[in-house]
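Just below is one structure, and these are the notes that go with it.
Counting starts at 1 for both ligands and their atoms, following the listed order. Residues: numbered from 1 along the sequence shown.
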Amino acid sequence: MRKKIVAGNWKMNTTLQEGIKLASEVESLSTQVPSDVTLIVCVPFTHLTEVKKVINRTLLGAENCASEVSGAYTGEVSAAMVASTGANYVIIGHSERRSYFNETDETLAKKVKLALANQLTPIFCIGELLSEREANIHFDVVKKQLQKGLFDLSAEDFGKIVIAYEPVWAIGTGRTATSEQAQEMHYFIRNTIAEKYGKEVAKEISILYGGSCNDKNAAELFANPDVDGGLIGGASLKAESFIAIARSF
Ligand code: PGA
C-alpha cells in the first residue's frame, strides 16, 4: 500500500553510543509526527540491535545487506542477519554503494531477492549522475536501473518495494532537485512501473526523494503528487531536523 515515508540514512556516522542517543531522541520526538507517516531510521549494522531497544513508533532499517545467503564471505552481513535484529527495512543500491563498492545491477537484484525472502522491505535507490543529466540521458539511466534491479520480480514481490529516487548530484551537495525535477522523474518512474506491472501496482508504490532534502525544502518536495516522502542523509543526524522533515507533509 502506498505510504508516506520518511527514512533516515545515517551512513557511516555515529558511534554506537551516539547512535543510541540519536535514536532515543528521534523516538521521543516521534509523537509529533502524524500517525500516517512511516518513520524509519536506517543505521549501521553494529547499531541495529541496540537501536531496536530504544525505538517503538520509529521503525528500523539497515543500510545494506549481502548478495549471498551465508557462508565464507568475511565481513559481510546477510539479509537473514539483518532481519534477526528486528529490522524491517534495508537500503539497497545506494549510489555510494554503486560507485565506491562497485555494486552492479546484477548484484543488487540478488540483494533485493534475499531481502524479500527474509521479510525485509528493500528501499531501492536509483538516480543519475550529473553528467548523465547534462547529457539528457537521465530518464534512460533511471529506467535501466529499474529494469535491471527490479523488473525480474513478480508483481506481488514488486509491490513490496519502496523506491528512492536520488539524483547523485544532489546527494550531500546541498544542491536539491527542484520540486519540478523531482515530480517529473517520480512521474516517469511510476509510469515506467505501470508499463511493466500495470497501473494498480504503480499507484500503490511509495517513491521517495533523496538528495539534500531538509526541513526547509521538504514541504515543497513532498507536496508533489508522485513524491511520497524522503530518504534523508545529513539532515537525519539531528533528531529535530529529521522530525521536522517528517512533519512536512
Ligand atoms: P543527503 O543524503 O540527504 O545527505 O543528501 C541522502 C542519501 O544519500 O540518502
Side-chain angles (χ1 to χ4, degrees), residues 4-14 18-19 22-23 26 37-45 47 51 58-65 82 87 89-103 108 111-112 115 120-130 132-133 138 141-142 145-146 149 161-179 181-182 185-186 189 206-222 224 227-249:
K4 295 177 188 169
I5 298 172
V6 169
N9 173 12
W10 290 4
K11 308 194 180 185
M12 197 171 75
N13 291 298
T14 74
E18 289 162 352
L22 175 57
V26 167
V37 177
T38 301
L39 192 64
I40 306 166
V41 286
C42 297
V43 308
F45 292 133
H47 299 21
V51 164
T58 314
L59 301 178
L60 183 63
E63 301 173 15
N64 183 27
C65 68
V82 169
Y89 291 84
V90 59
I91 298 172
I92 294 178
H94 191 281
S95 65
E96 288 149 18
R97 306 267 352 147
R98 290 178 188 261
S99 67
Y100 306 148
F101 303 97
N102 304 315
E103 295 192 358
L108 300 177
K111 293 187 180 201
V112 167
L120 294 170
T121 299
I123 301 175
F124 190 77
C125 303
I126 53 181
E128 81 284 357
L129 305 171
L130 183 58
E132 292 165 337
R133 180 165 280 266
H138 45 300
V141 168
V142 164
Q145 290 172 335
L146 277 171
I161 304 281
V162 171
I163 307 240
Y165 168 59
E166 301 204 303
V168 178
W169 46 272
I171 296 177
T173 58
R175 181 176 168 190
T176 322
T178 64
S179 179
Q181 285 172 325
M185 184 59 90
H186 283 228
I189 291 167
S206 298
I207 307 176
L208 315 183
Y209 169 80
S212 299
C213 184
N214 58 39
D215 53 4
K216 308 278 181 305
N217 57 32
E220 192 186 343
L221 288 160
F222 296 176
N224 287 299
V227 178
D228 303 308
L231 181 57
I232 318 298
S236 73
L237 295 173
K238 289 226 159 58
E240 294 77 14
S241 58
F242 183 55
I243 293 296
I245 293 169
R247 298 177 66 190
S248 299
F249 288 96

Item to check | Residue-ligand contact Ser95/ligand 1, heavy atom below 4.0 Å | outcome: no
Next on the checklist: Any heavy atom of Gly172 closer to ligand 1 than 4.0 angstrom?
Outcome noted: yes
Checklist entry - Of Lys11, Glu63, Met12, which meets side-chain contact (heavy atoms from CB on, under 4.5 Å) against Glu96? => result Lys11
What are the atoms of ligand 1, with element, lying closer than 4.0 Å to any heavy atom of [X]?
X	answer
Leu231	6 (C), 9 (O)
His94	7 (C), 8 (O), 9 (O)
Ala170	5 (O)

Checklist entry - Under 4.0 Å from ligand 1, counting heavy atoms only, is it the side chain of Ala235, its backbone, both or neither? => result neither
Checklist entry - Under 4.0 Å from ligand 1, counting heavy atoms only, is it the side chain of Ile171, its backbone, both or neither? => result both
Protein contact to [atom] [nearest heavy atom, distance to 0.1 Å]:
atom	answer
atom 7 (C) of ligand 1	Glu166 OE2, 3.1 Å
atom 4 (O) of ligand 1	Gly234 N, 2.8 Å
atom 3 (O) of ligand 1	Gly233 N, 2.9 Å

Checklist outcome for this item: Contacts satisfying salt bridge (charged side-chain N to carboxylate O under 4.0 Å, His left out) that involve residues 228-237 (not counting sequence neighbours) are Arg2-Asp228, Arg190-Asp228
Next on the checklist: Could you work out, with side-chain hydrogen bond (donor to acceptor under 3.5 Å, both in side chains) as the rule, every residue matching Glu103, not counting sequence neighbours?
Outcome noted: Arg97, Lys111
Checklist entry - Taking Tyr89 for the side chain and Val162 for the main chain, is one N or O donor matched with an acceptor at less than 3.5 Å? => result no
